[in-house]
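In what follows, residues are counted from 1 in the order of the sequence shown. From a predicted model like this one, the values you see are computed outputs, not experimental measurements.
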Amino acid sequence: RHLLQLLAEELTIRVHSQEAMEGVQRATAIVFNKKLKPSFLQALSEQDFALLTQELTTFNIDQDLLERGLQVDDLLVGSHESLASKGKIRQAIKSNALAINTEKVSSHTAIIAAEQLYHNQYLFAQHGKKHKLVGLVIQLSDTEKMLLRQVAQNLNNTTEEQPFELDSNLLSLVQKG
């Protein structure tokens with residue numbers, strides 16, 4: 001096993017670079033390490049986080065909402081199958097099984113702010129020992145925000161008698177998309 005590891009390291013260095021190999025080692029340490037320390041995440045470069053987004057489940061974070069502060073349950077709901085509902089998030093918090101940037105979350109009302117991002121765009125979340133996620137900050141355009149508001153409004157007004165339908169303006173925005 002040790003020889004295989006040495007061979008993999010040598011090939012990675014020859015094909016990519018020493019820096020790439022070290023980045024892969026740091027990413028692997030995160031994926032398989034069950035007890036991460038905040039200092040380890042703080043030492044990661046932007047390239048390391050970019051590599052992590054290819055290896056871990058990712059979720060999007062609206063920059064405007066984050067700048068105003070987001071409750072942890074609003075931030076994470078639906079980000080992973082294990083966090084599909086606010087109830088599951090609250091249960092994870094109660095079980096001391098949810099962490100943001102390796103810090104245990106103590107309340108579903110805890111506020112996540114832009115200052116907690118690594119490199120102004122990444123947030124690390126962990127549910128239990130196995131489920132690790134990376135949040136990516138996105139900036140929605142005004143058109144995208146309008147589209148999302150209209151879709152949400154239409155979904156709220158949907159009944160069995162009148163199912164949800166995209167109107168022609170929304171449909172054209174989605175198709176241009």
### Task
Report the C-alpha distance between Tyr122 and Thr53 in whole Å, list the side-chain angles of each, state the deciding distance to 0.1 Å, and finish with yes or no for side chain to side chain contact (heavy atoms under 4.5 Å, CB included).
CA-CA 9 Å; Tyr122 300 104; Thr53 63; 3.9 Å; yes
Using 0.5 Å steps for rounding, measure from the [atom1] atom of [X] to the [atom2] atom of [Y].
X      : Y      : atom1 : atom2 : result
Glu10  : Leu7   : CD    : CG    : 8.5 Å
Asp73  : Lys86  : CG    : NZ    : 4.5 Å
Leu98  : His131 : CG    : NE2   : 11.5 Å
Gln116 : Leu70  : CD    : CG    : 10.5 Å
His119 : Gln47  : NE2   : CD    : 8.0 Å
Leu133 : Leu123 : CG    : CG    : 9.5 Å

Closest approach of [X] to [Y] (non-hydrogen atoms, all atoms of both residues):
X      : Y     : answer
His108 : Gln71 : O-NE2, 3.5 Å
Ser82  : His80 : OG-ND1, 2.8 Å
Phe49  : Leu41 : CE1-O, 3.9 Å
Ala125 : Phe59 : CB-CE2, 4.4 Å

#### Entry: Sidechain-backbone polar pair: Ser95 side chain, Gln91 backbone, donor-acceptor under 3.5 Å
yes
Please check if [X] and [Y] belong to a single hydrophobic cluster, counting links between Ile, Leu, Val, Met, Phe, Trp and Tyr side chain heavy atoms closer than 4.5 Å.
X      : Y      : answer
Ile100 : Val134 : no
Val72  : Val137 : yes
Leu136 : Leu66  : no
Leu65  : Leu117 : yes
Leu75  : Leu56  : no

### Message
Is there a side chain to side chain contact (heavy atoms under 4.5 Å, CB included) between Lys88 and His127? Walk through the geometry before answering.
### Response
CA-CA 10 Å; Lys88 287 186 176 187; His127 176 215; over 6 Å; no
### Message
Tell me whether Lys94 at atom NZ has more than 12 heavy atoms from other residues, nucleotides or ligands lying less than 6.0 Å away.
### Response
no
### Message
More than 12 heavy atoms of other residues, nucleotides or ligands under 6.0 Å from CD of Gln139: yes or no?
### Response
yes
### Message
Can you confirm whether the side chains of Ser107 and Thr109 place a donor and an acceptor under 3.5 Å from each other?
### Response
yes
### Query
Between Glu103 and Asn101, does any side-chain donor sit less than 3.5 Å from a side-chain acceptor?
no
### Message
Please tell me whether Tyr118 and Phe124 form a close aromatic pair, meaning their ring centres lie under 6.0 Å apart.
### Response
no
### Message
For a 4.5 angstrom cut-off between non-hydrogen side-chain atoms, does Leu44 reach Leu52?
### Response
yes
